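Please read all numbers here as calculations on a predicted model, not as lab measurements. Start at 1 and go down the list; that is how both ligands and their atoms are numbered.
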Amino acid sequence: MCGIVGYVGKKEATPILLDALKRLEYRGYDSAGIAVLTDKGLSVYKTEGKISNLESKLPDIKGTCGIGHTRWATQGAPTTINAHPHVSGNIAVVHNGIIENYQELYDELKSEGYEFVSETDTEVLAHLAHRYYKGNLVAAVIEGLKKVKGSYAAAFICEDSEQVVAARKDSPLVAGIGNGENFIASDVTALLKYTRKVVYLHDFEIVSLSGGNIEFFNFEEKPVKKKTESIEWNIEAAEKSGYPHFMLKEIHEQAISVHDTLMGRLSELGGDVMLSEVTLTREEIRELERIVIIACGTSYNAGLLGKYLFEGLAGIHTDVEISSEFRYANPVLDETTLVIPISQSGETADTIAATKEVKTYGCRTLAITNVVGTTLSREVENVVYTMAGPEIGVAATKTFTSQLIALYLLAVHFAKARKRMDVDRSKRLLVSLKQLPGMIQQILNNKETILKQAKRFSNARDYFFLGRSLNFPIALEGALKLKEISYIHAEGYAAGELKHGPLALISKDTPVVALATRGLTYDKMLNNIKEVKARGSPVLAIASMDDTEISKYVDAVIRVPVTDELLYPVLTSVVVQLLAYYTADALGCPIDKPRNLAKSVTVE
Ligand code: F6R
């Protein structure tokens, strides 16, 4: 995830900026840069790769005011040119977030004669600040940002004076108050070595650091009174924003990551999905005869939901294949097939090998991945990035729900191109998609119920997760999560299939999690619940808030907000993730680094 730092004080800025950036390394990044004000003007250095790379290229820079950045590529490859800071005349900027109206601003600024050198959306921020700068950096930043739609934590520096100005909307920004020196950062971890007195900025607030002063403004340039907080966390706790594990932090980030996957991609007006990165024309989408999704593990489970969506909404026959099997299966493929590899890391050897193989058949290819510039993204024609930010816990959580969202977006896009979805339906679905972040937050606010149930069953040796239709992939995912972090044996099953064998394993010692949200198969799911109840299993249902019936048949119910029937998998995912997390925590397992597992599996 991108990181921002800024410093104004009496000490040399460069070592402080580099040290603060290093404290953000754990968040993941692929390039880094700094801008420091020296007596010869702005000194800007940036490079792809590690901060140590940058450090080795730096001359002795003298200056006590500067900004720095670690970039985790989203728009534009991870190159030196795309690294921040970006410069326009006498102004430099570093930015976290996404500028949604980038194209509009780019066209406008270009017509005024501004030159663009990078592929990033951030460059428009530098030009906007430059366009409005008349000696007052705070005013210029405000004027510039008023033109921007999207999210940002951005820090600006100008050649004219020792000042750093930073602002935020929908992206974290914190100011640190020192003794005769002040700081800004995107993450409190960067500041803890220097100060524990911090001020968190809210959306549409600006901070200005100059000399020993720190001032806060709103977007009307009126001063804002802010509360100073004292941070008690140690650095390790701060990296996890106070959560005991990265996995729990990442589960909690899902209201934001789902929002980020959706951002800039919905046009509710016409009920359209805007995926400019997909170069398949409407005609080509209409001509597709088949989709093949290839993936491993959690990404495979996401792919299974894709099958329901592409077939149900867009009417395209879809197969979902385990990458390591598919490669050696003599697949029948041709140019009317679209292959969609899904991989969080973009470096999974099995998925990359299978992708290389399908290209020899002339298939079209479109990857869903979370990391820009990886091997997978270079192998395919098109990439839809999930924008979930780096995931550090080995167990995939936020990247899974973002993969689901990417699949909804693609399915609607394809369905509309194939005239299988009318505007009314797509509009309703897009509105419901937009409501998901708030609903995820509701589930997170109610996590105590999940914790209680997890503790209740944490001594079980075997667990079953049952689901039907759209919830079947989430039953698989719930079982996978529980297995990998708690080491409890768990099976995910299509509920209707249970009676064809596994029912023999059901007893009072096998808790069953029944994913029973409203929809086509709800009544059938109730029957399956009765089947396992009759054999003595304790049943924990995950059901919608408006369901007054289910509690009659089960031992406990975890509720999720009412949404479009198609979208429940996103909400039930969050519940099964928390259930797995709290179970593993109750058992004292090393949650972020489960035994025998690695975050990125780069061997076949
Ligand atoms: C489970 C998990 C793994 C990965 C799998 C594929 O929590 O993280 O099952 O999903 O190794 O990884 P990617 O998505 O990076 O290809």
Open item on the list: Could you tell me, atom by atom, which parts of ligand 1 come under 4.0 Å of a heavy atom of K481?
Closed with: 1 (C), 7 (O)
TODO: Decide whether E48 and T79 meet the rule of one side-chain donor and one side-chain acceptor closer than 3.5 Å.
DONE: no
Task: Parallel, tilted or perpendicular, as decided by the 30° and 60° cut-offs, for the rings of Y581 and H245 - done: perpendicular
Please report, to 0.1 Å, the donor-acceptor pairs under 3.5 Å made by any side chain of residues 403-414, with sequence neighbours excluded.
| from | atom 1 | to | atom 2 | distance (Å) |
| --- | --- | --- | --- | --- |
| Q403 | NE2 | S299 | OG | 3.0 |
| Y408 | OH | L566 | O | 2.6 |

Open item on the list: At less than 4.0 angstrom from any non-hydrogen atom of E484, what atoms of ligand 1 do you find?
Closed with: 1 (C), 7 (O)
Task: T348, any N or O under 3.5 Å of ligand 1 N or O - done: yes
- [ ] Answer with yes or no whether E347 contacts ligand 1, where contact means a heavy atom under 4.0 Å from a ligand atom.
- [x] no
Open item on the list: So is L597 touching ligand 1 or not, going by heavy atoms under 4.0 Å?
Closed with: no
Open item on the list: Only heavy atoms of S299, strictly under 4.0 Å: list the atoms of ligand 1 that pass.
Closed with: 10 (O), 13 (P), 14 (O)
Task: V394: numbered ligand 1 atoms lying under 4.0 Å from its heavy atoms - done: 8 (O)
Task: Closest protein heavy atom to atom 15 (O) of ligand 1, given as residue, atom name and distance to 0.1 Å - done: S345 OG, 2.6 Å
Task: side chain to side chain contact (heavy atoms under 4.5 Å, CB included) partner of N382, chosen from L338, L366, I368, I340 - done: L366
Task: Shortest protein heavy-atom distance from atom 3 (C) of ligand 1, along with the residue and atom involved - done: T298 N, 4.0 Å
TODO: Working to the nearest 0.5 Å, report the span between OG1 of T47 and CG of N53.
DONE: 4.5 Å
Open item on the list: Are there over 12 heavy-atom neighbours, none belonging to N330, within less than 6.0 Å of that residue's CG?
Closed with: no
TODO: Can you pull out the closest protein heavy atom to atom 5 (C) of ligand 1? Residue, atom name and distance to 0.1 Å, please.
DONE: C296 O, 3.7 Å
TODO: Compute the shortest N/O to N/O distance between A396 and ligand 1 and return yes if it is under 3.5 Å, no if not.
DONE: yes
- [ ] Scan side-chain atoms only and decide if T399 and N370 contain a donor-acceptor pair under the 3.5 Å cut-off.
- [x] no
Task: Protein residue, atom and distance nearest to atom 11 (O) of ligand 1, heavy-atom basis - done: V601 CG2, 4.0 Å
Task: Pairs flagged by ring pair (Phe, Tyr, Trp, His ring centres under 6.0 Å) wherever residues 446-486 is involved - sequence neighbours left out - done: Y463-F465
- [ ] Take E477 and K481 through the test salt bridge (charged side-chain N to carboxylate O under 4.0 Å, His left out) and record every step on the way to the result.
- [x] CA-CA 6 Å; E477 178 59 8; K481 283 291 89 96; 2.6 Å; yes
- [ ] Identify, by atom number and element, the atoms of ligand 1 in contact range of A395, meaning under 4.0 Å from any of its heavy atoms.
- [x] 7 (O)
TODO: Say whether S343, considering both its backbone and side-chain N or O atoms, lies within less than 3.5 Å of an N or O atom on ligand 1.
DONE: yes
Open item on the list: Just by distance, no angles: are the side chains of Q577 and T397 close enough, under 3.5 Å, to form a donor-acceptor pair?
Closed with: no
Task: Atoms of ligand 1, numbered as shown, that sit under 4.0 Å from any heavy atom of Q344 - done: 13 (P), 14 (O), 15 (O), 16 (O)
